[in-house]
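Residue numbers begin at 1 in each chain, while the letters A, B, ... track the order of the sequences.
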Number of protein chains: 2
Amino acid sequence: MSTASKTRHKYEIVAAGIRATIADSLGPNDALPSERELMEIYNVSRMTVRAAIARLADEGLVYNVHGSGTYVGSPDLFAKAPKLTSFTEDMVSRGYAPSSRVLEVSRVAAVAAVATRLGLTPGEECTKIRRLRLADGNPMALETVYLPGGVLPMEEFDAKSSLYGQLTDRGYEIHRAEQEIHAVTLDEESSGLLAVPLGSAALEIDRVAADRRGHPVEYARTIYRGDRYSFQMAVSRESGDK
Amino acid sequence: MSTASKTRHKYEIVAAGIRATIADSLGPNDALPSERELMEIYNVSRMTVRAAIARLADEGLVYNVHGSGTYVGSPDLFAKAPKLTSFTEDMVSRGYAPSSRVLEVSRVAAVAAVATRLGLTPGEECTKIRRLRLADGNPMALETVYLPGGVLPMEEFDAKSSLYGQLTDRGYEIHRAEQEIHAVTLDEESSGLLAVPLGSAALEIDRVAADRRGHPVEYARTIYRGDRYSFQMAVSRESGDK
DNA sequence: AAGTGGTCTAGACCACCGC
DNA sequence: CGGTGGTCTAGACCACTTC
């Protein structure tokens, strides 16, 4: 009751408390207090305890064993389910200082590949932004972003601030995305910009990002240097039915 | 009421019913009946309705808008959260006929890189299995799997049946995994086996798979032909707190 | 048999959306 | 303002693990 402040929901308070308990006094595979004990500790109902635990389990911090208990996960498996992040967020979480060099900002007519992905009709107006992305000042990736003209006209793009921030400010909150990851061989222009030898292997990530309602907001093609970047993710079995 | 049979939990029955309703008569962005209506339709409590909807939302089939309703997602974004699949399952879902050629089955001492990932001490005994993986008879990937000796001694590996199936039979059910995806350039041996030119780009996926308790069960390094394979996934924002 | 997580009920109030 | 999803309560029984 007293120190509460930024948290609003009870299950967030419980989740934060459990997190703290784990950090303070529990190690991998140690058992958490049972759900019924947690009810008393935090003075909440069982459903609230379970909501908190479900959140932590989603992150991989804990796991449940039916009939036995809830346990702390292994530290090396803490890596969360893949999150949808901007380049900037991604680099910061990896410990790099991100920066950018804008190569191109233009208004273009959507070609078929772009139109399909953004749900436009070919020829419709798009904003195209091409940037060289740097980490600690060294080239890391080459990014080409297409946005429907209505989402962000080229004149209003501010090269100095975060694209995702600008989209959010304009009412386009990105919620989920589909990504496709390829291995590619760099051509002359790309390898030059990324400062690696011609023919080097690189990771190409194509992403269509959409808002909560499923309307496409962004189509981005990013080519990452194969020697500096790898993509990490945690996956779990099931997920679908059966 | 009529065709129900294999489902055990009410929320699964409700989820199946909603799925059928969507398939029959709803399109993208159409609204589902409200949760309170669904309670009456299926004669269950609200929590059960919400459990069913949560399941469908996880899959991307529907999405919720607070204060407004629950809606059918966009078909092109149906692709689920990345699942943990075996090569065989992956190929089948892509419409290929998978097969394998075993290149090596041996007992080896864990080198540091393998020991670390499997939670062993360097020098401990491992089973190493190297296979060329084919799709529709053509080389698709080159897979090297390391298993702790206690999990599956090399003598007991059956080259003809699924590795995941054998692990499950022995009580090691794989539950989650961490993957790291790199772009690599193929060396002479790999490009020969995969039947592509020397120096071609390829996707290397390193995976440590663990059981429900977080104990590592498998470390696999798979090199996929860059010209035939791409890795697809859906990601969503948030996931962690804030 | 005792204890655990998994499912389920029948209520309640809150926060948000759209008219 | 009414309707919607989001959170929450205080119970209950079931399925599973552990002893």
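Taking atom OH of residue Tyr42(A) and atom C1' of nucleotide dC8(D), one finds them 17 Å apart after rounding to whole Å. When the C1' atom of dG5(D) is taken as reference, atom CD of Glu37(B) falls 13 Å away, rounded to whole Å. Atom-to-atom, CG of Leu38(B) to P of dG6(D) comes out at 13 Å; the value is rounded to the nearest Å. Rounded to an integer number of Å, the gap from CG of Leu32(A) to C1' of dT4(C) is 13 Å. If you measure from atom CD1 of Ile18(A) to atom P of dG5(C), you get 11 Å, rounded to the nearest angstrom. When rounded to the nearest whole Å, the span between CD1 of Ile53(A) and C1' of dT7(C) equals 15 Å. When rounded to the nearest whole Å, the span between OH of Tyr71(A) and P of dT17(D) equals 11 Å. The CD-C1' distance, from Glu35(B) to dT7(D), rounds to 12 Å in whole Å.
Comparing dC8(C), dG5(C), dT9(D) by their nearest atom to the side chain of Ser45(A) picks out dT9(D). With dG5(C), dT9(C), dG5(D) as the candidates, the nucleotide lying closest to the side chain of Arg50(A) is dG5(C).
Here Tyr11(A) pairs with His9(A) under the ring-ring contact (aromatic ring centres under 6.0 Å, His included) rule; sequence neighbours left out. Checked against salt bridge (Lys or Arg N to Asp or Glu O under 4.0 Å), Lys128(A) has the following partners two or more places apart in sequence or in another chain: Glu104(A). In this structure, Tyr172(A) has no ring-ring contact (aromatic ring centres under 6.0 Å, His included) partners at least two apart in sequence or on a different chain. Under the ring-ring contact (aromatic ring centres under 6.0 Å, His included) criterion, Tyr71(A) pairs with Tyr63(A), sequence neighbours left out. In this structure Arg46(A) satisfies the salt bridge (Lys or Arg N to Asp or Glu O under 4.0 Å) test together with Glu35(A), sequence neighbours excluded. Residues meeting the salt bridge (Lys or Arg N to Asp or Glu O under 4.0 Å) test with Arg131(A), sequence neighbours left out: Glu143(A). A search for salt bridge (Lys or Arg N to Asp or Glu O under 4.0 Å) contacts involving Glu40(B) returns nothing, not counting sequence neighbours.
Defined by atom type and a distance below 3.5 Å, a donor-acceptor pair is missing between the side-chain atoms of Asp90(B) and Thr85(B).
In this structure, Thr70(B) reaches the dG5(D) phosphate: one of its side-chain N or O atoms is under 4.0 Å from OP1 or OP2. Phosphate contact (OP1/OP2 of dC8(C), side-chain N/O of Tyr11(B), threshold under 4.0 Å): absent. At dT9(D), one or more side-chain N or O atoms of Thr48(A) fall inside 4.0 Å of OP1 or OP2 (strictly under the cut-off).
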I'd like to know whether Val145(B) forms a side-chain contact (heavy atoms from CB on, under 4.5 Å) with Thr127(B), so could you lay out the CA-CA distance, the side-chain angles of the two residues, the decisive distance to 0.1 Å, and finally the verdict. CA-CA 8 Å; Val145(B) 178; Thr127(B) 301; over 6 Å; no

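Taken over five-pair windows at either terminus, the axes of the helix from dA1(C)-dT18(D) to dG18(C)-dC1(D) are inclined to one another by 20° (rounded to 10 degrees).
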Per-nucleotide protein contact along nucleotides 13-19 of chain C, 5' to 3', at a 4.0 Å heavy-atom cut-off (B base, S sugar-phosphate only, - neither), is --BBB--

